[in-house]
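First up is the structure itself, then whatever we jot down about it.
Since we're looking at a predicted model, the values are computed, not measured. Below, all heavy atoms of this structure are taken into account, side chains as well, without hydrogens, waters or symmetry copies.
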Amino acid sequence: MTKPLKAGELSERESEFEIWQREYAAAVGSEKTVRNRSGIEVKPLYTPQDWQGEYATDLGYPGQPPYARGIYASMHRGRTWSQRQLIGLGTPTDYNARLLEMIAQGTTAVSLIPCNSVFRGYDMDEVHAELLGTCGVVANTVEHMEQCLAGVDLAHTSCAMNDPSPFTLLALMLATAKRRGVDWRTISGTSNQSDYLSHYVANHMFFRIALPGARRILTDHIEFCNRHLPRWNPMSVVGQHTQQAGATPAESMAFTLSSAIQYAEDCVARGMEPDAFLPRFTFFFDISVSLFEEIAKFRAGRRIWARITPERFGARDPRSWRFKFHGQTSGVDLTRQQPLNNIARVTVQAIAGILGGLQSLHTDAYDEALSCPTEFGARIAVNTQNILREEAHLTDVIDPLGGSYYIESLTDEMEQKILGVMAQVEAAGGMYAAVEQGLVQKMIGASARGFQESIESGAQTVVGVNAYQVEEGKGERQALPTPDPAKMQAHIAAFKAYKQARSQAAVQQAQDRLAAAANDPQQNIFERVVEVAEAGCTHGEICATLRRELGFGQPLVMV
């Protein structure tokens, strides 16, 4: 052991740090600079010299600004995250059976994923039948929503509708609640796909309506929900799409915060008070396997939002300053090769989200790289959360990495990276203008290309893909079978019969009212969407009417 130094000896002898530097260099020789996915250099060791922050101003206490350590005083020690497993499967009866099974396994909230045909804005009889129900539930009417949510207490169960503009799934759920006599004021949950800008730049399938129309519908949606659904979160700003499209974690956080600023400014321009709508703003993030980087991303995002809300918008209610977010483990990190390895990846991602201070969590099934999750895969995904909470005791200590020289230094560096990207967006005129110009798309494309090149060169190891490859045996890649064709054909036939049995005159009148609202700025479009859903109009009919009046979405593709 090195003899401790006495006062005044630092100039005469090597310091302990210098001894370590020399011994480290001798052990590892020359090495390449290590950088995380956001491009931040990662040193081999962190000491008190790497973080010069002040506890009160840079960390503080949980539930108090700057919220680096969490937005609630008790965090997961007092109330753990909600297990909000995204579920989408086949017909409404298929979905309901899987949902009730997941609730029995520990899922505490509903998150409905519709079929891709729904995401694209079409009814089931407008697309190829063999594509239906392979990625989500085929729900086009109030009756379908009633079947999906059979056995679910809407007054006491939080529900997330993965529901792009014009938010037909929420409209169908509200109609279902009215049929059951459930007071809308008791309904809680989130419009989980309300961020049309993220759809435009990174998820073209979800984008249905031209940018100006989508902008108006979202503001109408927020206004309606604030008035009629006080426990509903109408604004979920989505960082998941941009990160899954290739943005770095720092870029994704920056784009998300810039979008939140844009949406808040649009609400203020409509005449809404910041403290009336900001408490219902939520965020939705991808969680990559880059453990410490993701933890620092979330801690930095909380600090930035806690400054933006009072300084830029004048928010005075502490609830407006809270950075509430849902996390989903990253599907793009999962591999088709050796898919059982994905269980380890998901576990690491989940730990990052939990230690990063999330409010709700979806853990991917290991087989989501192959198909819609099997029941076996979904059960493992749910139990991964149960194990981390109950066996690994991740809820015992609030922000257990707080004060780590590495974590605090990395949080500071992530914050600077995020603010730098936000400054570029701001210089372009804000997020809406930056998206119109293609700036955001170019940045995502460049980062996606760089990461893919690192995999192809071997600089980034992906187990089973470019390293540690093995010949896989039969049974390694068990995918969920496609929905029963006969069952899906029966679902389509019942849907066609439903449409024929309706009063065509009443349906046409309802669609005419919706079209009129789209052309009258004084009317609330989402209010009309709810009305026409109650009148029996289908999801596809509502989307078609608004596409016709407001324009079809044509995302800008940058090359």
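Outside the 6.0 Å centre-distance limit, the rings of F325 and F283 are not counted as a close aromatic pair. In this structure, Y196 has its ring center no closer than 6.0 Å to that of Y200. For an aromatic pair to be called close, the ring centres must be under 6.0 Å apart, and H241 with H199 satisfies this. Annotation: Y55 is in aromatic contact with Y61 [ring centroid separation under 6.0 Å].
In this structure E390 satisfies the salt bridge (Lys or Arg N to Asp or Glu O under 4.0 Å) test with no other residue, sequence neighbours excluded. For E41, the side-chain contact (heavy atoms from CB on, under 4.5 Å) test picks out T33, R35, with sequence neighbours left out. For D317, the salt bridge (Lys or Arg N to Asp or Glu O under 4.0 Å) partners at least two apart in sequence or on another chain are R319. C372 is linked by a side-chain contact (heavy atoms from CB on, under 4.5 Å) to L89, L480, counting only residues two or more places apart in sequence or in another chain. For N383, the side-chain contact (heavy atoms from CB on, under 4.5 Å) test picks out Q105, R379, N386, with sequence neighbours left out. For the side-chain contact (heavy atoms from CB on, under 4.5 Å) test, residues two or more places apart in sequence or in another chain that qualify with P48 are Y405. Every residue meeting the salt bridge (Lys or Arg N to Asp or Glu O under 4.0 Å) condition with E408, not counting sequence neighbours, appears here in chain and number order: R299. Residues forming a side chain to side chain donor-acceptor pair (under 3.5 Å) with Q359 (at least two apart in sequence, or on another chain): none. Y263 meets the side chain to side chain donor-acceptor pair (under 3.5 Å) test with D195; sequence neighbours excluded.
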Expected list for residues 340-353: side-chain donor-acceptor pairs under 3.5 angstrom, two or more places apart:
| unit_1 | atom_1 | unit_2 | atom_2 | d |
| --- | --- | --- | --- | --- |
| N341 | ND2 | Q338 | OE1 | 3.0 |
| N342 | OD1 | T335 | N | 3.0 |
| N342 | OD1 | R345 | NH1 | 2.9 |
| N342 | ND2 | T335 | O | 3.0 |
| N342 | ND2 | P339 | O | 3.2 |
| N342 | ND2 | Y366 | O | 2.9 |
| R345 | NH1 | T335 | OG1 | 3.3 |
| R345 | NH2 | V463 | O | 2.9 |
| T347 | OG1 | I343 | O | 2.8 |
| Q349 | OE1 | S330 | N | 3.3 |
| Q349 | NE2 | S330 | O | 3.4 |
| Q349 | NE2 | D333 | OD2 | 3.2 |

Return all side-chain donor-acceptor pairs below 3.5 angstrom for residues 412-422, not counting sequence neighbours, or 'none' if the list is empty.
| unit_1 | atom_1 | unit_2 | atom_2 | d |
| --- | --- | --- | --- | --- |
| D412 | OD1 | R303 | NH2 | 2.7 |
| D412 | OD2 | W51 | NE1 | 3.0 |
| E415 | OE1 | R303 | NE | 2.8 |
| E415 | OE1 | R303 | NH2 | 2.7 |
| E415 | OE2 | R307 | NH1 | 2.9 |
| E415 | OE2 | R307 | NH2 | 2.8 |
| K417 | NZ | S38 | O | 3.4 |

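Few gaps surround CD on E456; more than 12 heavy atoms of other groups in view lie less than 6.0 Å from it.
Annotation: side chain to side chain donor-acceptor pair (under 3.5 Å) contacts involving residues 422-433, sequence neighbours excluded, comprise R312-E426.
Side-chain contact between F119 and P164 is present, with at least one heavy-atom pair separated by less than 4.5 Å. Two residues are said to be in side-chain contact when any heavy atoms from C-beta on lie closer than 4.5 Å; R215 and D266 meet this criterion. Inter-residue side-chain proximity for Y67 and P318 is flagged as met; some heavy-atom pair is nearer than 4.5 Å. Side chains of Q243 and F255 form no contact here, defined as non-hydrogen atoms less than 4.5 Å apart. Between I407 and Y46 there is no side-chain heavy-atom pair separated by less than 4.5 Å.
Looking at S457, its side chain does come within 3.5 Å of a backbone N or O of A459 through a donor-acceptor pair. When atom types are taken as modelled, the side chain of S258 and the backbone of A254 share a donor-acceptor pair closer than 3.5 angstrom.
A donor-acceptor pair shorter than 3.5 Å cannot be found between the side chains of Q460 and R37. A donor and an acceptor atom, one from each side chain of S111 and N162, are located under 3.5 Å apart.
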Assess whether side-chain contact (heavy atoms from CB on, under 4.5 Å) is satisfied between T282 and M235, documenting all intermediate values.
CA-CA 6 Å; T282 62; M235 182 71 255; over 6 Å; no
- [ ] Just do the side-chain contact (heavy atoms from CB on, under 4.5 Å) check on Q83 and S360 with the steps written out, would you?
- [x] CA-CA 6 Å; Q83 295 186 217; S360 66; over 6 Å; no
_What verdict does the salt bridge (Lys or Arg N to Asp or Glu O under 4.0 Å) test give for D396 and R77, after you've listed the backbone C-alpha separation in whole Å, the side-chain angles of each residue and the deciding distance to 0.1 Å?_
CA-CA 6 Å; D396 286 357; R77 176 79 176 238; 5.8 Å; no
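Between K324 and R280, the shortest heavy-atom distance links the atoms NZ-CA, 4.4 Å. Of all non-hydrogen atoms in G464 and Q469, the two that sit nearest each other are O-CG, 3.6 Å.
Ion pairing of E101 with R98 is absent here, as no side-chain N (NZ or NE/NH1/NH2) approaches a carboxylate O to less than 4.0 Å.
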